[in-house]
Amino acid sequence: MTRLSRAEAKALTRERLLDAAARVFAQKGLAGASVDEIAEAAGYSIGAVYSNFGGKEQLFVELLQERANDRVTRAAEIVADAAPAQAQRAFSQLVIEVADKDADFAPLQAEFWLYAVRNPELMEAYAERMREPRDLLTELIARSTPDPGRAGELSTIVIALFQGLVRMRRLDPGSVPDELFGRALRWLFTGAEADEEPPL
């Protein structure tokens, strides 16, 4: 086997810690999870957590930010590679994949929201970290909408739709048909294009 470089080994350790943290946080919540449990689930010492993330809270926020960035990256790939009708189906499939196969996503999103509102002194700092994926999505939307000035508003709505539909699909799969997210995005952008009134 090829020996990993130091940078590669560090990246692999970080990835394994994030994966383990996702499972532990989803099962026990931020308050209930311990650094010991996360390290053990990843197969590392506690020191590995602190050397890579500084602590449990930073690990938690970086986990959410990375997952959100992954979703935006996937959205960018869909837009780049698919015609509009195909893109709508692909976006809908993304909701289904997350809701049906990524069992940790919805609990992590809920846990993050609860943690932020319960710790108002830290809310702005954590909100700032989560603006990166929203800004990436805003850039993506700005390239494909007639009115780039509204891309920020549209990205906020798209994120809310995605998170909300994932949660509803987890609770009641029949209430979120496979094509619903794609149709909702079409309705959203068609309505935005038709609405020429300036924002309030």
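Numbering starts at 1 and runs along the sequence shown.
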Asker: Please list, chain by chain and in numerical order, all residues satisfying side chain to side chain contact (heavy atoms under 4.5 Å, CB included) with Ala116, sequence neighbours excluded.
Answerer: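 Partners of Ala116 by the side chain to side chain contact (heavy atoms under 4.5 Å, CB included) criterion, ordered by chain and then number, come out as Met123.
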Asker: Mind checking side chain to side chain donor-acceptor pair (under 3.5 Å) for Asp100 and listing every partner two or more places apart, or none if nothing turns up?
Answerer: Arg169
Asker: Check side chain to side chain donor-acceptor pair (under 3.5 Å) between Thr138 and all other residues, then give those that pass, not counting sequence neighbours.
Answerer: Ser155
Asker: Show me the pairs that pass side chain to side chain donor-acceptor pair (under 3.5 Å) and involve residues 180-192, at least two apart or across chains.
Answerer: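 Pairs touching residues 180-192 that pass the test: Gln88-Arg186.
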Asker: Could you name each residue pair satisfying ring pair (Phe, Tyr, Trp, His ring centres under 6.0 Å) that touches residues 63-88, not counting sequence neighbours?
Answerer: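 Qualifying pairs, neighbours excluded: none.
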Asker: Same cluster or not: Phe112 versus Leu114, using hydrophobic residues (I, L, V, M, F, W, Y) connected whenever any side-chain heavy atoms lie under 4.5 Å apart?
Answerer: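 Result: no, two separate clusters.
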Asker: Hey, are Glu97 and Arg71 close enough for a salt bridge, meaning a charged N less than 4.0 Å from a carboxylate O?
Answerer: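 Between Arg71 and Glu97 there is no salt bridge, as every charged N stays at least 4.0 Å from the carboxylate O atoms.
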Asker: For residues 2-29, which residue pairs qualify under ring pair (Phe, Tyr, Trp, His ring centres under 6.0 Å), counting only residues two or more places apart or in two chains?
Answerer: Phe25-Phe60
Asker: Restricting to pairs with a member in residues 63-85, which pass ring pair (Phe, Tyr, Trp, His ring centres under 6.0 Å), not counting sequence neighbours?
Answerer: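 Checked against ring pair (Phe, Tyr, Trp, His ring centres under 6.0 Å) - neighbours excluded - no pair reaches residues 63-85.
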Asker: Could you tell me which non-hydrogen atom of Val166 sits nearest to which non-hydrogen atom of Ala99, and how far apart they are?
Answerer: O-CB, 3.8 Å
Asker: For residues 51-59, please give each side-chain donor-acceptor pair under 3.5 Å, one per line with the distance, not counting sequence neighbours.
Answerer:
{"from": "Ser51", "atom 1": "OG", "to": "Gly47", "atom 2": "O", "distance (Å)": "3.1"}
{"from": "Ser51", "atom 1": "OG", "to": "Ala48", "atom 2": "O", "distance (Å)": "3.2"}
{"from": "Asn52", "atom 1": "OD1", "to": "Lys10", "atom 2": "NZ", "distance (Å)": "3.4"}
{"from": "Asn52", "atom 1": "ND2", "to": "Ala48", "atom 2": "O", "distance (Å)": "2.8"}
{"from": "Lys56", "atom 1": "NZ", "to": "Leu30", "atom 2": "O", "distance (Å)": "2.8"}
{"from": "Lys56", "atom 1": "NZ", "to": "Ala33", "atom 2": "O", "distance (Å)": "2.8"}
{"from": "Gln58", "atom 1": "NE2", "to": "Phe53", "atom 2": "O", "distance (Å)": "3.2"}
{"from": "Gln58", "atom 1": "NE2", "to": "Glu62", "atom 2": "OE2", "distance (Å)": "2.8"}

Asker: Rounded at 0.5 Å granularity, tell me how far CZ in Arg74 sits from CZ in Phe91.
Answerer: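 Arg74 CZ to Phe91 CZ: 8.5 Å, rounded to 0.5 Å.
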Asker: List for me each residue that meets side chain to side chain donor-acceptor pair (under 3.5 Å) alongside Ser175, sequence neighbours excluded, and say none if there are none.
Answerer: none
Asker: Between atom CG of Asn69 and atom CZ of Arg67, what is the distance when rounded to the nearest 0.5 Å?
Answerer: 12.0 Å
Asker: Taking atom CZ as the centre, does Phe189 end up with more than 12 heavy-atom neighbours from other residues, nucleotides or ligands that are less than 6.0 angstrom away?
Answerer: yes
Asker: Just verifying a value: how many Å separate Gln65 CD and Glu128 CD, rounded to the nearest 0.5 Å?
Answerer: 9.5 Å
Asker: Checking side-chain contact (heavy atoms from CB on, under 4.5 Å) for the pair Val49/Tyr44: CA distance, chi angles, key distance, verdict?
Answerer: CA-CA 8 Å; Val49 176; Tyr44 293 104; over 6 Å; no
Asker: Taking atom CE of Met168 and atom CG of Leu180, what is their separation to the nearest 0.5 Å?
Answerer: 8.5 Å
Asker: List in chain and number order the residues that pass side chain to side chain donor-acceptor pair (under 3.5 Å) with Gln93, two or more places apart in sequence or in another chain; answer none if no residue qualifies.
Answerer: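 Listed in chain order: nothing, the list is empty.
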Asker: Grouping I, L, V, M, F, W and Y whenever their side-chain heavy atoms are under 4.5 Å apart, do Leu64 and Trp113 come out in a common cluster?
Answerer: no
Asker: Out of curiosity, does Phe162 fall in the hydrophobic cluster containing Leu188 (side-chain heavy atoms, cut-off under 4.5 Å, transitive links)?
Answerer: yes
Asker: Please, which pairs that meet salt bridge (Lys or Arg N to Asp or Glu O under 4.0 Å) have at least one residue in residues 21-42, sequence neighbours excluded?
Answerer: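 Of all non-adjacent pairs touching residues 21-42, those that pass salt bridge (Lys or Arg N to Asp or Glu O under 4.0 Å) are Lys28-Glu37.
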Asker: Check side chain to side chain contact (heavy atoms under 4.5 Å, CB included) between Arg167 and all other residues, then give those that pass, not counting sequence neighbours.
Answerer: Ala106, Gln109, Ala110
